[in-house]
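Notes to accompany the following structure.
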Amino acid sequence: QVQLVESGGGLVQAGGSLRLSCAASGSTFSEQNMGWFRQAPRKEREFVAAITWSGGNVYYADSVKGRVSISRDNVKDTVLLQMNSLKPEDTAVYYCAAKPRTTSIYNTAGASYDYWGQGTQVTVSS
């Protein structure tokens with residue numbers, strides 16, 4: 001079991017930056033591949049970024065590539081999402097998710113993830 005709690009969301013102007021944090025608890029965090037997803041109003045949830053259990057590999061959605069960086073700290077049991085050059089279309093609720101290390105991070109389907117946080121709101125004003 002892994003429990004996930006996101007933080008760091010807020011209101012920011014276009015072009016600004018935010019760093020989202022996902023704090024995990026449970027005994028198996030270091031064995032989990034981690035991902036970030038987002039869901040905007042009236043839109044389906046979409047994949048943002050993922051990182052392997054070791055941090056050795058990462059994967060990004062084309063819509064955020066070059067503006068977003070995912071990282072993790074297996075000592076502090078946290079996953080970070082650094083977001084730069086934010087755009088109004090980045091406005092969404094951002095969710096942290098976890099899945100076993102045996103499940104590829106290149107499988108971006110939400111259904112491939114077993115555990116989810118409650119989400120944190122990111123609002124980018126124009």
Side-chain angles (χ1 to χ4, degrees):
Q1 284 279 353
V2 178
Q3 293 79 43
L4 304 171
V5 178
E6 303 93 336
S7 62
L11 174 64
V12 64
Q13 288 188 334
S17 297
L18 278 177
R19 188 177 73 169
L20 306 184
S21 179
C22 174
S25 59
S27 61
T28 63
F29 174 76
S30 62
E31 298 178 7
Q32 304 285 322
N33 289 339
M34 301 297 296
W36 284 95
F37 288 75
R38 66 187 181 185
Q39 187 166 18
R42 299 174 296 280
K43 291 188 176 181
E44 292 188 356
R45 181 178 59 194
E46 66 172 345
F47 168 79
V48 176
I51 187 167
T52 53
W53 63 277
S54 67
N57 291 91
V58 297
Y59 186 56
Y60 299 101
D62 288 343
S63 59
V64 301
K65 198 173 296 181
R67 301 188 296 119
V68 165
S69 176
I70 187 171
S71 61
R72 68 187 294 161
D73 185 332
N74 284 348
V75 174
K76 296 181 179 179
D77 288 358
T78 58
V79 178
L80 300 177
L81 188 71
Q82 177 68 42
M83 303 190 295
N84 302 318
S85 302
L86 284 163
K87 305 174 182 180
E89 50 264 44
D90 294 318
T91 295
V93 177
Y94 283 71
Y95 298 91
C96 173
K99 61 182 177 181
R101 58 188 280 183
T102 53
T103 308
S104 172
I105 63 170
Y106 304 107
N107 178 354
T108 62
S112 69
Y113 288 80
D114 296 328
Y115 306 104
W116 293 83
Q118 84 290 347
T120 186
Q121 176 71 46
V122 171
T123 303
V124 184
S125 64
S126 58

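Below, each value reflects all heavy atoms present in this structure, side chains not excepted, and no hydrogens, waters or symmetry copies.
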[atom2] on [Y] to [atom1] on [X], rounded to 0.5 Å:
| X | Y | atom1 | atom2 | answer |
| --- | --- | --- | --- | --- |
| Q118 | C96 | CD | SG | 9.5 Å |
| L86 | Q13 | CG | CD | 11.5 Å |
| W53 | N74 | CH2 | CG | 8.5 Å |
| T102 | N33 | OG1 | CG | 8.0 Å |

Please answer: with hydrophobic residues joined when any side-chain heavy atoms are less than 4.5 Å apart, are [X] and [Y] in the same cluster?
| X | Y | result |
| --- | --- | --- |
| V12 | V93 | no |
| M34 | V122 | yes |
| L80 | F29 | no |
| I105 | V68 | no |

Is the shortest side-chain heavy-atom distance between [X] and [Y] below 4.5 Å?
| X | Y | result |
| --- | --- | --- |
| Y60 | S69 | yes |
| Q32 | P100 | yes |
| Q121 | T91 | yes |

What is the minimum heavy-atom distance between [X] and [Y], and which atoms define it?
| X | Y | answer |
| --- | --- | --- |
| Q39 | K43 | NE2-O, 3.1 Å |
| S112 | A109 | OG-O, 2.7 Å |
| S126 | P88 | CB-CG, 3.8 Å |
| S125 | L11 | CB-CD1, 4.3 Å |
| A49 | L81 | CB-CD1, 4.0 Å |
| L4 | A98 | CD1-N, 3.8 Å |

Check your understanding: What pairs meet the ring pair (Phe, Tyr, Trp, His ring centres under 6.0 Å) rule with one or both residues in residues 65-109, with sequence neighbours excluded?
Key ->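 Every pair satisfying ring pair (Phe, Tyr, Trp, His ring centres under 6.0 Å) with a residue in residues 65-109: Y59-Y106.
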**Study point:** F37: ring pair (Phe, Tyr, Trp, His ring centres under 6.0 Å) partners, not counting sequence neighbours
**Key:**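 Checked F37 against ring pair (Phe, Tyr, Trp, His ring centres under 6.0 Å); matches are F47, Y113, W116.
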Check your understanding: Tell me, which pairs form a salt bridge (Lys or Arg N to Asp or Glu O under 4.0 Å) where one or both residues lie in residues 99-126, sequence neighbours left out?
Key ->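 As it turns out, there is no salt bridge (Lys or Arg N to Asp or Glu O under 4.0 Å) pair with a partner in residues 99-126 once direct neighbours are skipped.
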Exercise for review: If a pair satisfies salt bridge (Lys or Arg N to Asp or Glu O under 4.0 Å) and one of its residues is in residues 69-95, list it, with sequence neighbours excluded.
Suggested key: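 Qualifying pairs: R38-D90, R67-D90.
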**Study point:** Counterpart residues, salt bridge (Lys or Arg N to Asp or Glu O under 4.0 Å), relative to K65 (two or more places apart)
**Key:**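 Once residues adjacent in sequence are excluded, the partners of K65 under the salt bridge (Lys or Arg N to Asp or Glu O under 4.0 Å) criterion are D62.
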Exercise for review: May I ask you to decide if N57's main-chain N or O and T52's side chain share a donor-acceptor pair within less than 3.5 Å?
Suggested key: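 It does hold such a pair.
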Check your understanding: For T120, does its backbone N or O pair with a side-chain atom of E6 as donor and acceptor, under 3.5 Å?
Key ->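 Not a single qualifying donor-acceptor pair exists.
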**Study point:** Side-chain hydrophobic cluster, 4.5 Å single linkage: members besides V5
**Key:**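 Members alongside V5: none; it stands by itself.
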**Study point:** Test side-chain contact (heavy atoms from CB on, under 4.5 Å) applied to M83 and L18, V64, V48, the passing residue
**Key:**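 Answer to the side-chain contact (heavy atoms from CB on, under 4.5 Å) test with M83 among L18, V64, V48: L18.
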